2 protein chains.
Amino acid sequence: MKNVTIKDIAREAGVSVATVSRVVNNNDTVALDLRQRVLHAIEKNGYYPNLVARGLKKDSTQTIAILIADSSSSEYFSHIIKSIENVICMDNYTLFVCNSLNEKDTELNYLNLLAEKQVDGIIVNVSGFNNEFIAKLSNNIPMVLLHRRISLPNFKGDFIDADFGGSCYELTMNLIENGHRKIGLISGPLFLSSAYDRYVNFKRAMKSIDVEVSSEYKYFYEGPFTTESGYAACERFLTMEDPPTALLIMHCDTTIGALRYFRSHQIRVPEDISFASPCNISLSDLLYVQPNYAMPDTWALGKRAGEMIMDRIKCNNEMINREVCYIPTVIYGNSVKNIHL
Amino acid sequence: MKNVTIKDIAREAGVSVATVSRVVNNNDTVALDLRQRVLHAIEKNGYYPNLVARGLKKDSTQTIAILIADSSSSEYFSHIIKSIENVICMDNYTLFVCNSLNEKDTELNYLNLLAEKQVDGIIVNVSGFNNEFIAKLSNNIPMVLLHRRISLPNFKGDFIDADFGGSCYELTMNLIENGHRKIGLISGPLFLSSAYDRYVNFKRAMKSIDVEVSSEYKYFYEGPFTTESGYAACERFLTMEDPPTALLIMHCDTTIGALRYFRSHQIRVPEDISFASPCNISLSDLLYVQPNYAMPDTWALGKRAGEMIMDRIKCNNEMINREVCYIPTVIYGNSVKNIHL
DNA sequence: TGATTTCGAGAAAACGTATTCTTAAACTTA
DNA sequence: TAAGTTTAAGAATACGTTTTCTCGAAATCA
């Protein structure tokens with residue numbers, strides 16, 4: 001069953017292919033009777049345009065991609081994805097969702113594939129392993145970086161972030177104000193700008209009580225952004241001779257791992273351990289503990305990311321690099337104990 | 001900055017365009033020295049194929065789409081999406097994620113757009129409003145229905161489901177065994193096969209204690225699959241003069257709404273109200289209540305959905321309709337009180 | 001060696017569309 | 001009315017591929 005093409009319509013309506021095209025795109029004037037005949041033939045034969053062919057001709061696929069580590073790990077990215085989709089669908093754009101799994105090769109394969117598929121733009125939460133390649137690619141394909149920066153001079157594109165670093169500072173200061181001194185940090189890989197930024201802010205807060213934080217710091221744990229890593233970190237910290245009284249947990253996935261550790265080991269929050277995390281967890285209002293956490297407006301953030309990539313596409317990538325940062329709201333739950341009392 | 005094309009490579013290597021194509025696809029024999037020259041030119045100029053052009057020629061875009069109500073409402077679909085992506089990316093397929101919002105027009109627009117974009121297949125959780133259109137479309141585009149069936153003779157495609165109906169029966173019987181008689185049903189729209197199926201199973205279970213369930217049933221609530229609807233249902237039930245002692249809540253979103261109602265009104269679970277839901281909620285192990293719920297293997301289900309659509313694509317949609325059903329595991333938490341005690 | 005087959009690679013057509021180019025007709029103006 | 005101008009629509013080209021067709025050369029066989 002062959003699809004009906006513009007040629008079939010032209011034949012049926014007794015006009016040229018060009019005329020049909022003009023009617024379909026109605027961007028050019030065509031006589032009323034011809035237009036009627038064409039529209040009738042379209043209706044009758046159920047014709048619809050082939051956007052692949054149009055894409056080839058017009059050099060635009062009306063497609064953008066989001067490339068992230070794991071679209072299902074938390075509600076955070078689900079919301080951003082939905083929000084981006086909601087923006088771009090206005091212009092009949094559709095969204096490829098691609099998972100890099102934080103793996104060098106997977107990310108690289110996807111970047112190549114997306115380039116080959118001629119996507120009009122890419123929103124990417126970089127793994128950090130292909131930054132040179134991405135910087136180069138950004139000169140050909142409009143790009144928006146999500147949360148993780150690329151500090152290379154030849155990168156061309158926008159950067160959209162939420163100030164989780166600032167939230168880290170605020171949450172850590174709150175731990176300190178509640179009397180905590182032995183505060184563990186469950187960090188992500190420091191070569192990621194997002195993790196490093198939070199690390200720096202934690203360090204800055206700890207400096208206020210004259211604690212020097214470095215990778216030598218007794219209560220420092222560096223691991224990937226996974227639930228397993230959060231679990232393992234807690235295992236290490238809470239079996240120490242002199243365990244920390246509070247934890248700052250950098251990421252929602254590591255926080256989930258930590259909570260699982262606490263619950264399975266009957267460690268009460270906040271009686272036995274306090275914690276805070278600069279990330280929102282899905283359904284945090286219904287968890288058995290209400291964490292102290294920070295939450296950016298993911299809907300607004302995703303919307304902005306979508307708008308930024310669309311801007312950049314519309315002006316053919318000829319635009320200075322922009323940076324946007326959303327300030328998360330810090331929410332205080334009951335996961336921190338005041339140990340002065 | 002024009003992209004380098006197969007022609008540029010041909011000129012550079014001093015061969016014909018056809019030869020370059022043959023090397024790129026290496027599906028045809030070409031002399032070693034020519035191949036070397038071509039490969040060298042490709043390397044030197046950073047050539048990569050234009051998959052839009054290839055798609056036009058080969059009539060295949062290596063793209064499939066998933067069209068669901070809301071990709072961010074629960075972790076359920078996030079996991080399925082990720083799992084599908086994981087399967088199809090093996091063949092260099094990419095996935096469009098599209099949200100119909102359960103709206104007739106939005107769904108219809110997307111279906112048309114996806115057809116125009118020549119996607120190779122569509123996995124769809126239908127809204128129920130465009131079933132005739134979808135059935136017709138299914139004869140041109142390979143389709144897999146997710147959870148919601150289309151009972152039209154001209155539908156062509158597969159159906160993949162999880163037996164939440166069976167779980168409803170089991171969970172309701174459990175409520176009954178725990179002494180409950182006044183059991184409220186928070187239902188979804190009955191014109192959806194998924195909701196209707198659960199309704200029928202609830203009814204069947206209630207029949208065992210001689211309670212007739214119909215839309216006239218005192219403790220019946222029908223509303224959309226949203227948190228707001230779940231909240232409203234609880235409001236209605238729990239302000240009745242003779243409120244139900246237990247609830248069967250059909251959907252994860254309505255369950256979340258219900259939990260929010262309970263918590264904000266200091267209604268204790270299970271002391272004041274018991275409930276069960278044939279759906280898994282994200283992080284249910286970390287909620288303040290452990291619900292009685294059912295959970296299919298979403299990873300396996302998504303994987304199978306991906307495989308089914310790929311099968312269908314590979315055999316050019318010439319295949320009988322298949323039906324697959326996954327049996328959820330029922331998990332008993334502490335959301336049900338035994339009122340015999 | 002001559003006839004036949006195999007093979008490798010270039011030429012050309014095709015995929016479905018948008019758009020430039022061209023031309024004939026309609027309209028304006030003096 | 002003649003010359004110039006606008007306009008509408010068809011013809012033709014192009015987008016970047018794949019693949020069929022064609023043909024000359026090499027290889028096989030009698």
Side-chain angles (χ1 to χ4, degrees), chain A residues 1-39 41-42 45-63 92 112-113 115-120 140, chain B residues 1-39 41-42 45-63 92 113 115-120 140 316:
Chain A
M1 170 115 113
K2 281 299 263 96
N3 268 345
V4 22
T5 78
I6 210 173
K7 268 185 209 154
D8 303 317
I9 301 302
R11 191 173 340 103
E12 174 101 13
V15 300
S16 76
V17 171
T19 300
V20 178
S21 175
R22 287 192 258 260
V23 170
V24 169
N25 296 287
N26 63 321
N27 51 3
D28 214 339
T29 134
V30 31
L32 194 61
D33 57 330
L34 290 196
R35 155 165 275 123
Q36 298 286 8
R37 294 216 310 266
V38 169
L39 288 176
I42 286 176
N45 296 283
Y47 165 81
Y48 54 89
N50 181 325
L51 264 37
V52 171
R54 181 182 291 173
L56 176 62
K57 187 69 184 122
K58 299 186 56 158
D59 201 20
S60 143
T61 52
Q62 311 223 99
T63 296
N92 278 347
N112 278 309
L113 186 59
E116 294 178 356
K117 290 203 172 191
Q118 316 287 123
V119 298
D120 293 342
N140 294 325
Chain B
M1 169 114 115
K2 281 298 264 93
N3 268 345
V4 23
T5 77
I6 209 172
K7 268 184 208 153
D8 303 317
I9 301 302
R11 191 174 339 104
E12 174 100 13
V15 299
S16 75
V17 172
T19 301
V20 178
S21 176
R22 287 192 257 260
V23 170
V24 169
N25 297 286
N26 63 321
N27 50 4
D28 214 338
T29 135
V30 32
L32 194 61
D33 58 329
L34 291 196
R35 155 165 276 123
Q36 298 285 9
R37 293 215 312 263
V38 169
L39 288 175
I42 285 176
N45 296 283
Y47 165 81
Y48 55 89
N50 181 326
L51 263 38
V52 171
R54 179 182 291 172
L56 176 61
K57 188 70 184 123
K58 301 188 49 159
D59 200 20
S60 142
T61 52
Q62 311 223 96
T63 296
N92 277 347
L113 186 59
E116 294 177 357
K117 290 203 172 190
Q118 315 288 123
V119 298
D120 293 342
N140 295 324
N316 206 24

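A, B, ... follow the sequence lines: proteins, then strands. Residue 1 opens every chain. The shown structure was predicted, so the numbers you read here are calculated from the model rather than taken from an experiment.
- Summarising the geometry, the separation between CD1 on I42(A) and P on dG16(C) is reported as 16 Å, rounded to the nearest angstrom.
- Minimum atom distance to the side chain of V17(B) is reached by dT18(D), of the listed dG16(D), dT18(D), dT17(C).
- Across K117(B) and N92(A), no two heavy atoms sit closer than the pair NZ-O, 3.5 Å.
- Candidate nucleotides dC15(D), dA11(D), dA9(C) were compared by shortest atom distance to the side chain of A18(A), and dA11(D) ranks first.
- Which of dA9(C), dT17(C), dT17(D) sits closest to the side chain of K7(A) comes down to dT17(C).
- The nearest whole Å value for the distance from the CG atom in D33(B) to the P atom in dG8(C) is 12 Å.
- At a threshold of 4.0 angstrom between heavy atoms, the contacts of N25(A) are confined to the sugar-phosphate backbone, with no base atom among them.
- Put simply, CG on L32(B) is 18 Å from P on dC7(C), counting in whole angstrom units.
- Note: CD1 (I6(A)) to P (dA11(D)) measures 14 Å, nearest angstrom.
- Annotation: side chain of I6(A) is in contact with side chain of Y47(A) (closest heavy-atom distance under 4.5 Å).
- A donor and an acceptor atom, one from each side chain of T61(B) and D120(B), are located under 3.5 Å apart.
- Looking at heavy-atom distances under 4.0 Å, L51(B) makes no contact with the nucleic acid at all.
- Here the closest non-hydrogen pair linking V17(A) and A10(A) is N-CB, 3.8 Å.
- Note on V52(A): nothing from the nucleic acid sits closer than 4.0 angstrom, heavy atoms only.
- The residue S21(A) sits close to a base: some heavy atom pair falls under 4.0 Å.
- Taking atom CG of L56(B) as the reference point, atom P of dA13(C) lies 18 Å away to the nearest angstrom.
- Taking 4.0 angstrom as the limit, N3(A) places none of its side-chain polar atoms (N or O) nearer than this to OP1 or OP2 of dG16(C).
- Minimum atom distance to the side chain of S16(A) is reached by dG10(D), of the listed dG10(D), dA9(D), dT17(C).
- The side chain of A31(A) approaches dA9(D) more closely than any other nucleotide in the set dG16(C), dA9(D), dT19(C).
- Across dA12(C), dC15(C), dC15(D), the shortest atom-to-atom separation from the side chain of K57(B) is found for dC15(C).
- Phosphate contact (OP1/OP2 of dT17(C), side-chain N/O of Y48(A), threshold under 4.0 Å): absent.
- Proximity of T29(A) to the phosphate of dA8(D): a side-chain N or O atom is located under 4.0 Å from OP1 or OP2.
- Annotation for R37(B) and V15(B): closest pair NH2-CG1, 3.7 Å, computed over non-hydrogen atoms.
- Among the atoms of the strands shown, only primed sugar atoms or phosphate atoms (P, OP1, OP2) are found under 4.0 Å from some heavy atom of T19(A).
- Evaluation of atom-type donor-acceptor distances gives no pair under 3.5 Å for the side chain of K58(A) against the base of dA18(C).
- Counting non-hydrogen atoms of other residues, nucleotides and ligands closer than 6.0 Å to CG of D59(B) gives a total of 12 or fewer.
- Along DNA chain C, the nucleotide nearest R37(B) and the nucleotide nearest V20(A) are compared for position; the residue whose nucleotide lies closer to the 5' end is R37(B).
- Per the geometry, CG belonging to D59(A) stands 14 Å off C1' belonging to dT17(C), to the nearest Å.
- With dG16(C), dG10(C), dT17(D) as the choices, the nucleotide that has an atom nearest any side-chain atom of N50(A) turns out to be dG16(C).
- Atom C1' of nucleotide dT17(C) and atom CG of D28(A) are separated by 15 Å, given to the nearest angstrom.
- One interatomic measurement links the two molecules: CZ of R54(B) to C1' of dT19(D), which rounds to 13 Å at whole-angstrom precision.
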